Every structure is written in C-alpha cells, then in structure tokens.
Amino acid sequence: MAAADDIEAMARRARVPWLTLKRREAIEAWLFVSPTLIGFLIFFLGPLIAVVIYSMSEWNLLSGEQIFVGVANYRDALTENPDFWHVIRNSVIFAIGLVPMNMALALTLAISLSRPRRGVVFFRTVFFAPVVTSAVAWAIVWKFLLQGEGGTVNQLLALVGIDGPNWLREPDWAMAAVIVTRVIKMVGLNMILYIAALQAIPRDYEEAARLEGATGWQVFRMVTWPLLAPTTLIIMVITTIGSFKVFDHIYLMTGGGPENGTLVLAFYVYEQAFEFFNVGYASALAMIMFVIVLVLTIVQLLLRQKGAT
Amino acid sequence: MRNALTSLTVSALALSLAAGHAMAEDLRFTVWTGNEAHLNMLNGIADGFEAENPGTTVTFETIPAGDYVQKLTFQLAGGNPPDLGWMFEDSMPAFVAAGAVESLTDTLENAEGYDLADFSDPAMGLWREDGEIYGVPFSTSPFMIFYNKDMFDAAGLEDPLTLAEKGEWTLDKFREVVKALTKPEDRIWGFEFKDGQGYDTRIMHAVMPPIRAYGGDAWSNGECGFDDPEAVEAVRMLHEMVFEDKSIVPPGEQGDYFSGSSAMTINQISRASKMPEAGFEWGIAPLPTGPAGEAPVIGQAGLVVFAKSDNKELAKQFIAWMTNQENVEVMAQFFPPARVSVLESDTFTEANALIPPEQMKHVAAAIKEGEVLPSHERAPQILAAMKPRFDALWRADSDVEASLKAVCEAIRPQL
C-alpha cells in the first residue's frame, strides 16, 4: 500500500516540473536580495547578537577567559561607575551645543544660497567642501590652528586685542572648540538639505503673502518656516544621532581630555574596548548607545508620520 | 578508471601537503619597526637561524607602535596568533599575568654557549616573575638629553656634555640653562618633553627623570609615590619651568627640538636617526643629577613567545639564537644591549654611526646604573586614571601638591 502511494507521488512529481514560474521568481528574488542580505547578516545582525552576548560577560582578551556575569556590566555602568554619567553628560552637552548651531547656520546659508544668483554655485561648493574632506586631515589642521599662543586662531584674535584661551587644554574651551570645528565640517550637508526644501516651496506662496503686504521677516515666519518644518525635523534628528556617535574629532583633537572634558560616549566605548580590553563592559556601553540612537530614530519616524498626516 | 585516477591524485596531493607541513615551519614574528635598516638586520639574524634549522622560515611582520598592543591582542584573541614578537616594558606585566606568554627559562638555561648570567640583573628584573624568565630584553635604552650645540655656542654657554664631564650637570644648572636659552620673541624654548608628548601619552617620560633624581618614585609595592615630598618638589620644579620661567614648551604648543624650536629634549638614542637631517650641530648627555644623585631612567623592550603559538619550542630556540652573544653585538648598532660583556666592549661604544664613542660611554654607564620605568599589570588603566588629574596639574594656577594628591587618589584603586 505504502509502495503504491510512493509510486503515485513520484508520478505526480514527474508530471509537474519542480521549477514552476512561481518558484523561479522566488529564487530570482532571493538571488537579487542575497548580496545585501548576506552582508546584513554577517556584518550587522551577527555582530549585534555577539555584542549582546559579550555585554553579559566578563572577557579577558589576553587569557581568553570569558565568564557569564548577567547584567552586571549594565548595572556597573548605570549605577556604580561615576565616569558613565560624566560621559553621558558630555555627550548631551555636545549635542546641545552642536545641533542648534549647526541648524541655524545651515538655514542661514541655505536662505542666502538658494536663489540663483551670481557666484552661488561657488559658495555652495565652498561650504560643502568640508563635508567631503577627510575628517583626519580636518581635525589635525584644526588642532594646529588652535594651539595656545602660537596658534593661528589666537594670533588673529590678538590682532583685535583679544587674548585667546589655550583652546584644547582647558576643558570648557576644548568642548566648545570641538563642537565649532565639527559644525563647520558638517554644516554643508544640512545646508544642501535646506536648499532642496527651500527650492521645493512654490514661489506663489511668497508672492501672495507679499501682495498682502507682508514684510520679509513675516514671509519667512508665516510662510517659509512652517513649510520647512518636515525638513527641520529630519535634520534635527539625524544631526542629534550624528552628534551622539562622534568619535573621530574627539580621538584626534583632544583624546577625551583635558580632564575628561570631552570624553563622549563613542570615545569611551573605544577606550574601554581597545585600550583597556574590557570587552564585556564596552559591549554593554555600546548596547546603551544603540538604545539611545534607536529611541531617537523611532522618535524621528513617529514625528515624520505625524508630519505626513 | 577515472575514479581510480582521481583518488590517486587526491592522495598524492594530500600527502605532499602533509609532508610540506611537517617539513616547513614558519615562525611569524611581530615587531613595531618598519625601518628598512632594522628589518635588514633582523632578516640577517633570521638567515643564520634558517641555515642551522633547514626548512624553517622566520617572517617579520610590522605593526605600527601606536597600534601594536591593540592589534597583537586581537590577533591572539582572534585565533591568529603570531609565534613570537617584541613586547613593550609597560605591557609585559599584563601579558604575564594573563598567561599569554611562555616561560623561556629551560630553553635559555640549556642553550649551548648562551651564558644567561651575562645579562645584567637590573635589566632582567622586569622580564622575570617568580623565578621564571618570560622575556629577554633586546633593547635597554636609557633616556638621554639631546642638545642643540649651535644654540649653546651662540648663547656662549657650556653644553650639557661638558658640564656632565665636570660634574656640574645638576637639575639647578639644567633649569638655569633652559631658561637662558629660551627666546620667546622667536618662539624658541629651552626644553621640550619627549616628542612633545609630555602632557599626553608621555607623562611618565616627562615627570619620572626629575622625580627619580629627587629620590622619589611613581609607585612601588602598591603604594602611590606621586604625593611624596620628593616627587612634589620635582614636579613643582617642572611646573615652575613651564609657567614661571616659560622655558619648557607648554601644553597646547608645538616646539619641536628636531626642527630647531627647542634647545634640548629628552629621548632615547634610537632617535639619533632623525638628527642627520636636523641641520644643526648636536650631542647627547646624561640626565641632570638631583638631590638623590644620578638617576638614569631606562626604557626597555623584550622578546617573548606567545602561549598560543603552534611552534613554541622552535620560537624559544629562535629567541635564544637572537640573543646570543654574537647577535646581540649585531643588534647593538640600534638597540643598546643588556649583555654586560657587549656593553663593556668597544663594539658597543663604536657601534653607533651617529653618536661618537665619548658620548656612547655615557649611554653604557646609564644602562648599567639605570632603573626601568615603573610598570604594572594594569598600566593602561593607571595611565588613563592619571591623565585627567595631570591635565589639571598642567595649568598655570594649579596647586601642584593638591594635584598630585588627586593623582594618587585616582590611581590607588588600580595599584
């Protein structure tokens, strides 16, 4: 009986080709997405799962000893280690300093450079160039310019009678210097986003407002600014996320100093993992950073949905 | 027929691979020099070993010094361990404590004609633990004063070498000449810390020479020494030189000795390789003496075999080969030796093409008398804990003693 069933099943298989159109399409689809999928699994999902596991262990890289410690690393960071909150504070100060300055400057530049005028392309290029400049070269040159007495910045300030501080050696000034140099480097990107948004606003709106007797400021406040809101929101969130991930500037310009004044989260993770080889603790910190960025991203998505409706 | 042929081919291939594996032993050796002259010398030493051990090859792999410990650690942890390598003095205790390096005692004691006792005891101190030898120093290099002779001549001052020969090269004299050579209007300073890094990565190299000359130490036996009166006095002197005399390149400024912006600096003789292109007359002298007399400070680097190596025995034999009398003499042209017989021979004082013998004899003396920098199993954590407190110290208005007390407080848990 069973044999008869088998024969029948085999016959059925023989009649219907295995590679139906549906199957073929499915295979093709998988093949098309597989390069990205494989990359995603190997370089994103795999490490992410590994980091979660590492974050619950104490792992001495040199001896290879790995002990499961549960949530001890998280508890250590959040409740016991005063450095952690100092680092979070620095990251927040960095974001609060960087985001508004970056956005205000980007908007100002965009408004000045959105209309087709002579030389506008040249200036857009000038302000965008730092974005594509090597971050390493940028940081090293600024470190040189910001030297104490011999630095170009202080020599220029001396010309107008200002005795500039030793920028990168005093905690508060170092933070300010890192923020400002970062803004100058990255503002071009937000400027381009704002220019695109400004150019998408129909000219009729402005003309209508002007016919009603609105002044330039009123046109901006009542017409342009509200219409820029969705772009402003996106720029704000991506700039905030970017500011939490800042590493290269800190590493090259201050190394987290002086007096830990510029020790921000991404640099702290690096220091714990690659200088002290505290892989477990560093992984826990990386997870905390991941959650912070994830929350910001979700907020961005929710706000965008709200903006769309 | 075809199957038989295939299986024959496969077996032959497998056999040849297995045989090849059994015969050829490749030792992978990590170093932090990329200097061609250094690598040529190392390869020359390896050639001799390969000739004595047919089928063996030694490959030197350069990892830049700044990333060395980091990359090495990740190679060891990631299952791609080198067989042997160079090791920094300050990283050694952590590697020994973790069991990441092999004991070399048996191999060195039994190597033919090796004469282990020829290595000076103080030089071996750092590489020995509980009677076992875990590393052999290949470079035992004291910190020396490099001076710009042209600047001394122009100022009509006696240079440090002359002063040292007369026994007048003291810290007080040092402070006096450093101040005399400073020319703020030309942005020229009397002294620059090692590679201009004295406030950052080279804190220990900046403060340890005067602290030792005053009779203090950074720490010993788990006790912090930075806030002892001797250390406080020494650091106060440096602080006054930076902020009152304004004669040492201050934090946040660049005043490179090698390009003529500082009259003196402190460094090891390997840096002499930078001098021919400097364009001025120069010389080296011992460190100035202090209230505690002469206190030379030594930096060391050693050779180790990694516990995860697949060829431990062969790797150990290579270390014995590399540090035998003959090869230590060869290496002495770049790396000051820890073998007393080589140190005392003319070979060493005449080995350096850039530094004349009358200056090299001070190097040899410093190696014999000197003490290595303090080390610790948790050195990276200690340095990181120290750094912010030293940042606070290196400000014009800081209280030196309070700052050093803060340093001790910060590093005590790590000690």
Side-chain angles (χ1 to χ4, degrees), chain A residues 50 54 59-66 80-83 86-87 90 140 142-155 164-174 177 251-263 267-268 270-279 281, chain B residues 67 69-79 81 91 93-101 184 187 189 196-197 199-201 203 246 249-255 261 306-308 377-398 403 406 410 414:
Chain A
Y54 294 161
W59 183 10
N60 182 332
L61 275 184
L62 281 179
S63 65
E65 215 180 322
Q66 199 172 358
E80 281 161 36
N81 192 339
D83 280 351
H86 178 75
V87 164
N90 282 346
I140 290 174
W142 273 106
K143 191 174 173 177
F144 195 73
L145 297 176
L146 290 168
Q147 283 184 70
E149 281 171 29
T152 314
V153 172
N154 279 350
Q155 283 176 347
N166 196 347
W167 296 97
L168 299 175
R169 298 296 308 188
E170 290 173 33
D172 297 342
W173 286 115
Y251 178 75
L252 291 159
M253 286 179 74
T254 62
E259 299 170 48
N260 287 344
T262 59
L263 190 65
F267 187 79
Y268 187 54
Y270 163 82
E271 195 180 47
Q272 291 294 330
F274 298 101
E275 305 259 327
F276 306 158
F277 303 120
N278 285 338
V279 178
Y281 184 60
Chain B
D67 304 333
V69 179
Q70 196 182 93
K71 291 204 167 138
L72 180 65
T73 306
F74 279 88
Q75 286 193 9
L76 294 174
S91 309
F95 276 74
V96 173
V101 288
R187 298 187 52 73
W189 287 273
Q197 289 289 317
Y199 309 102
D200 299 305
T201 52
I203 292 173
K246 295 186 190 294
V249 182
E253 299 283 348
Q254 298 183 5
S261 302
F306 298 108
K308 289 194 175 159
E377 196 185 314
R378 297 178 63 79
Q381 284 85 345
I382 292 174
L383 292 177
M386 266 166 55
K387 175 77 176 43
R389 278 75 193 184
F390 265 101
D391 286 345
L393 185 150
W394 291 122
R395 302 176 78 158
D397 54 358
S398 71
S403 300
Q414 308 286 355

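In what follows, every heavy atom counts, from backbone to side chain, and hydrogens, waters and symmetry copies are set aside. It should be emphasised that the depicted structure is a prediction, and the values quoted were computed from it without experimental measurement. The chains referred to below are lettered A, B, ... by the order of the sequence lines, with proteins before strands, and numbering in each begins at 1.
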Identify which part of [X] has an atom lying under 4.5 Å from any heavy atom of chain A, answering side chain, backbone, both or neither.
{"X": "Asp67(B)", "value": "neither"}
{"X": "Tyr199(B)", "value": "both"}
{"X": "Ala379(B)", "value": "neither"}
{"X": "Arg378(B)", "value": "neither"}

Keeping the roles fixed (side chain from Asn90(A), backbone from Asn260(A)), state whether a donor-acceptor pair exists under 3.5 Å.
->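 Answer holds: yes.
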Main-chain N/O of Glu253(B) paired with Glu149(A) side-chain donor or acceptor, under 3.5 Å |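 It does not hold such a pair.
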Under 3.5 Å, is there a donor-acceptor pair between the Asn278(A) and Gln272(A) side chains?
-> yes
Calculate, to the nearest 0.5 Å, the distance between atoms CH2 and CE belonging to Trp167(A) and Met253(A) respectively.
-> 11.0 Å
Take atom CZ in Phe144(A); do more than 12 heavy atoms of anything else shown fall under 6.0 Å from it?
->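 12 or below, so no.
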Looking at side-chain heavy atoms only, is the closest gap between Phe267(A) and Thr262(A) below 4.5 Å?
->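 No; the side chains remain at least 4.5 Å from each other.
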Which atoms of [X] are under 4.5 Å from chain B, going by heavy atoms: the side chain, the backbone, both sets, or neither?
{"X": "Leu61(A)", "value": "both"}
{"X": "Phe274(A)", "value": "both"}
{"X": "Asn166(A)", "value": "side chain"}

If you count heavy-atom pairs under 4.5 Å with chain A, which of Gly255(B), Ala100(B), Pro380(B) comes out on top?
->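 That would be Pro380(B).
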